[in-house]
Amino acid sequence: MSLNRMEAVTRSLRAEGRRGLSPYVTAGDGGMGRTLQLLHALERAGAHCCELGVPFSDPIADGPVLQAAADRALAAGTDVDGIFSMVRRFREEGGNLPIAMMSYCNPLGRRGWPEACAEAADVGVDALILPDLPVEEGGPVRAAADAVNLCTIFFAAPTSSEERIRRAVEASRGFLYVVGRTGVTGVGTTFDDSAQSFLQRVSELAIDLPVAVGFGISSAADVSAAKTHADIVIVGTALVRHINKAGAEDSAAVAAAESFVRDLMTGLGSPNIS
Amino acid sequence: MQETRFGEFGGVYAPETLMAPLEELEQAWRELREDPSFEADLHSLLHDYAGRPTPLTRAEQLSAELGCELWLKREDLLHTGAHKLNNALGQCLLAKSMGKARILAETGAGQHGVATATACAKLGLECVVYMGEVDVVRQRPNVLRMELMGARVEVVKNGQRTLKDAINEAMRAWVSDPEAHYVLGSALGPHPFPSIVADFHHVIGRESREQILAQAGGLPDLAVACVGGGSNAIGLFRGFLDDDSVALVGVEAGGEGLETGRHAARFSGGSPGVLHGCFTWLLQNYDGQIEHTHSVSAGLDYPAVGPEHAALQAAGRASYEYATDEEALAAFSALSEREGILPALESSHAVGWIMRECEELRGMRIVVNLSGRGDKDLSTIMATRGGSAVDSVQGSEVMS
Ligand SMILES: Cc1ncc(COP(=O)(O)O)c(C=O)c1O
């Protein structure tokens with residue numbers, strides 16, 4: 001079995017002591033053609049991996065910006081088949097960026113987990129992130145994902161006990177997703193002492209598993225603060241807002257995304273901006 | 001966590017941030033349900049404050065007309081006017097014992113919101129209730145009641161602006177403030193909510209069983225209740241689960257008819273999936289997106305059914321039927337005119353199904369849960385008929 005593309009990247013970040021950036025986009029927001037171009041733009045800008053959001057009608061862990069993005073994507077007719085086709089095309093066009101598909105359980109689970117995982121792996125998805133799937137319910141998904149060499153990524157939150165964090169670490173491949181604060185996506189996280197010590201505690205518990213932190217990171221300065229105890233910094237809402245603000249033209253949206261991600265990359269520090 | 005499922009249904013599909021509060025809740029519930037002083041406090045609230053036991057009333061005229069023996073479990077007579085208070089008092093007492101000061105709740109018909117606002121006022125807790133904009137309009141009196149008791153009502157303007165969207169927003173609020181307690185209002189959501197809510201409503205079934213034995217001299221052939229999320233139905237059903245001779249029927253909202261697609265009949269028109277923390281029957285499209293629902297009653301206007309009902313249906317222990325808007329409205333009129341009881345539009349569905357199926361049910365003894373009273377629904381009802389004396393009077397002129 002070949003090394004999973006996501007694991008290859010996150011492990012080498014960890015091994016070399018470098019930090020990585022993982023931007024998030026909602027698939028189909030602005031049309032699937034735009035999403036395809038955005039993935040290429042993220043890769044050009046130097047992102048280390050990315051999250052591709054599957055829009056869901058009832059996203060209970062998302063704030064208003066990502067809710068609206070999901071609504072726009074669904075109104076534009078986005079479905080899982082369309083997302084899979086787009087990812088396949090991205091790979092055919094030479095795209096090499098590791099992709100974590102981020103979906104609430106129902107849109108993927110509806111197909112049956114073995115089918116969903118097999119198809120995802122086949123088109124070139126590298127990992128699954130399921131914000132309403134705690135480790136307790138993760139068994140069937142892990143089995144289906146492992147069978148096709150797809151990473152499953154679980155969460156640690158400030159409310160998680162050590163015991164829960166250990167179980168999430170054990171169940172995750174690629175990285176552990178650390179929610180920087182209690183709350184939905186989009187509200188700012190301040191990397192004060194308590195947030196930093198939480199992140200430090202998680203990264204100690206994670207041992208070899210790379211740790212990614214997300215929720216409310218919106219500038220190069222945030223990225224710089226967030227990377228202290230995390231291998232990977234995730235930027236979602238701020239990027240989606242940027243793209244949406246750029247207007248109806250795909251070219252403008254893609255250019256806005258690329259320059260924003262380049263700017264965020266500066267927050268990672270010098271080894272990353274050669 | 002202990003057993004989180006009913007057969008294959010249920011589970012705990014919650015964001016990681018909520019897992020610790022859910023574990024803490026399960027732990028507290030396991031301890032307190034065995035605690036005599038908690039039980040005594042709850043009993044006293046239910047008995048001396050809320051007005052339990054509620055009566056079981058024989059519907060004389062309707063029984064004669066329908067050719068069956070119809071008994072009404074009068075949850076409409078519970079303080080605040082619906083069964084919802086059983087759960088709200090129970091959960092708020094539980095939350096208070098856990099040291100929680102702040103309560104979050106969602107509401108559809110407004111009855112769970114009113115019940116939670118009431119329990120919070122009584123127990124000295126802060127209360128925020130999330131309610132869809134459409135429901136705020138159609139259940140206006142309940143919004144005012146919540147506010148009068150000191151609760152803050154947050155109007156939810158996302159999605160279809162009904163119960164589903166109110167639950168989304170309440171869950172988001174809970175993720176943002178996991179120190180608060182979320183009083184879920186029906187037997188749904190992630191474990192342990194479906195079990196806790198059913199436990200608190202079990203009193204409906206326990207009383208009904210005792211009362212029917214005492215008043216009718218035997219068990220019923222049928223126990224019937226409307227099913228939104230499923231709390232009043234599971235409360236009634238739990239009283240008769242071990243009585244194999246008692247058939248259990250849940251009645252969902254058929255809306256404008258299944259063929260129109262405008263309904264909330266999950267068992268007839270849906271398929272299993274995950275929404276709001278549990279695996280259960282849902283109305284969803286081919287791609288797992290949740291479908292819009294429709295019902296004349298806000299409390300049944302929801303795309304998922306509680307997981308214990310999904311398991312009872314799978315096991316063949318209960319069956320699930322539906323009544324349309326029109327049938328519910330006809331039942332509302334029948335109960336009003338023949339029995340002098342204005343039922344909630346939710347409860348009217350249960351009676352509406354009985355009226356439609358009366359040929360099949362001839363001669364049967366039936367207990368139906370009259371889960372709430374209909375005062376909240378007057379504006380919806382009047383919009384379907386008109387011809388009231390109030391329409392001819394100008395209030396401002398008379399009063400000035
Ligand atoms: C009077 C009444 N009955 C029934 C319901 C439906 O809920 P459940 O199925 O949980 O009993 C509601 C919900 O708001 C209600 O107010």
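Computed from a prediction, not measured in an experiment: that's the story for all the values here. Throughout, protein chains are lettered first and strands after them, A, B, ... in sequence-line order, and every chain is numbered starting at 1.
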Do other residues, nucleotides or ligands put more than 12 heavy atoms under 6.0 Å from the CG atom of A:D192?
yes

Test item: A:S57 and B:H292 side chains (from C-beta on) under 4.5 Å apart, heavy atoms:
no

Kindly compute the distance separating CE (B:M171) from CG (A:D132), expressed to the nearest 0.5 Å.
10.0 Å

Quick check: closest heavy atoms across A:P107 and B:Q289, and the distance to 0.1 Å?
CG-NE2, 4.1 Å

Would you say that A:R164 contacts B:E16 through its side chain, given a criterion of any heavy-atom pair below 4.5 Å between the two side chains?
yes

Heavy-atom proximity to chain A below 4.5 Å, by part of B:E291
neither

If we only count heavy atoms from C-beta on, is the A:T182 to B:S176 side-chain gap below 4.5 Å?
no

Is the shortest side-chain heavy-atom distance between A:I60 and B:V175 below 4.5 Å?
no

Just checking, is any N or O donor in the side chain of B:T4 or A:E136 under 3.5 Å from an acceptor N or O on the other one?
no

For each of A:D62, A:D81, A:L133, tally heavy-atom pairs with chain B at distances under 4.5 Å, and name the one with the top tally.
A:D62

Taking side chain as everything from C-beta outward and backbone as N, CA, C, O, which of these in B:P178 sits under 4.5 Å from a heavy atom of chain A? Side chain, backbone, both or neither.
side chain

So, A:N106 side chain and B:G273 main chain: donor-acceptor pair closer than 3.5 Å or not?
no

Side chain / backbone / both / neither for A:L74 at chain B, heavy atoms under 4.5 Å
side chain

Does atom CD of A:E170 have more than 12 heavy-atom neighbours, drawn from other residues, nucleotides or ligands, at distances under 6.0 Å?
no

Distance-minimising heavy-atom pair for A:R110 and B:S271:
NH1-OG, 3.4 Å

Name the member of A:P59, A:A168, A:P55, A:A68 that forms the most heavy-atom pairs with chain B at distances under 4.5 Å.
A:P59

Taking atom CD of B:E126 as the centre, report whether more than 12 heavy atoms of other residues, nucleotides or ligands fall under 6.0 Å from it.
yes

Please list, chain by chain and in numerical order, all residues satisfying ring pair (Phe, Tyr, Trp, His ring centres under 6.0 Å) with B:Y13, sequence neighbours excluded.
none

Checked A:A156, A:G138, A:P64, A:P131 vs chain B; the most non-hydrogen pairs under 4.5 Å come from A:P131

For chain B, find which of A:P158, A:S161, A:S160 contributes the most heavy-atom pairs closer than 4.5 angstrom.
A:S160

A:T159 and B:M19, any side-chain heavy atoms less than 4.5 Å apart:
no

Might you work through the salt bridge (Lys or Arg N to Asp or Glu O under 4.0 Å) test for A:R111 and B:D287, ending with a clear yes or no?
CA-CA 8 Å; A:R111 312 167 87 86; B:D287 213 37; 3.7 Å; yes

Is chain A contacted by the side chain of B:L275, its backbone, both, or neither, given a heavy-atom distance below 4.5 Å?
side chain

Yes or no on side chain to side chain contact (heavy atoms under 4.5 Å, CB included) for A:D79 and B:Y286, after CA distance, side-chain angles and deciding distance?
CA-CA 9 Å; A:D79 66 7; B:Y286 72 98; 2.7 Å; yes

Which heavy-atom pair separates B:V12 from A:P134 by the least distance, and what is that distance?
O-CG, 3.0 Å

Separation between OG1 of B:T17 and CZ of A:F155, rounded to the nearest 0.5 Å
8.5 Å

Select one option (side chain, backbone, both, neither) describing which atoms of B:N285 are under 4.5 Å from chain A's heavy atoms.
backbone

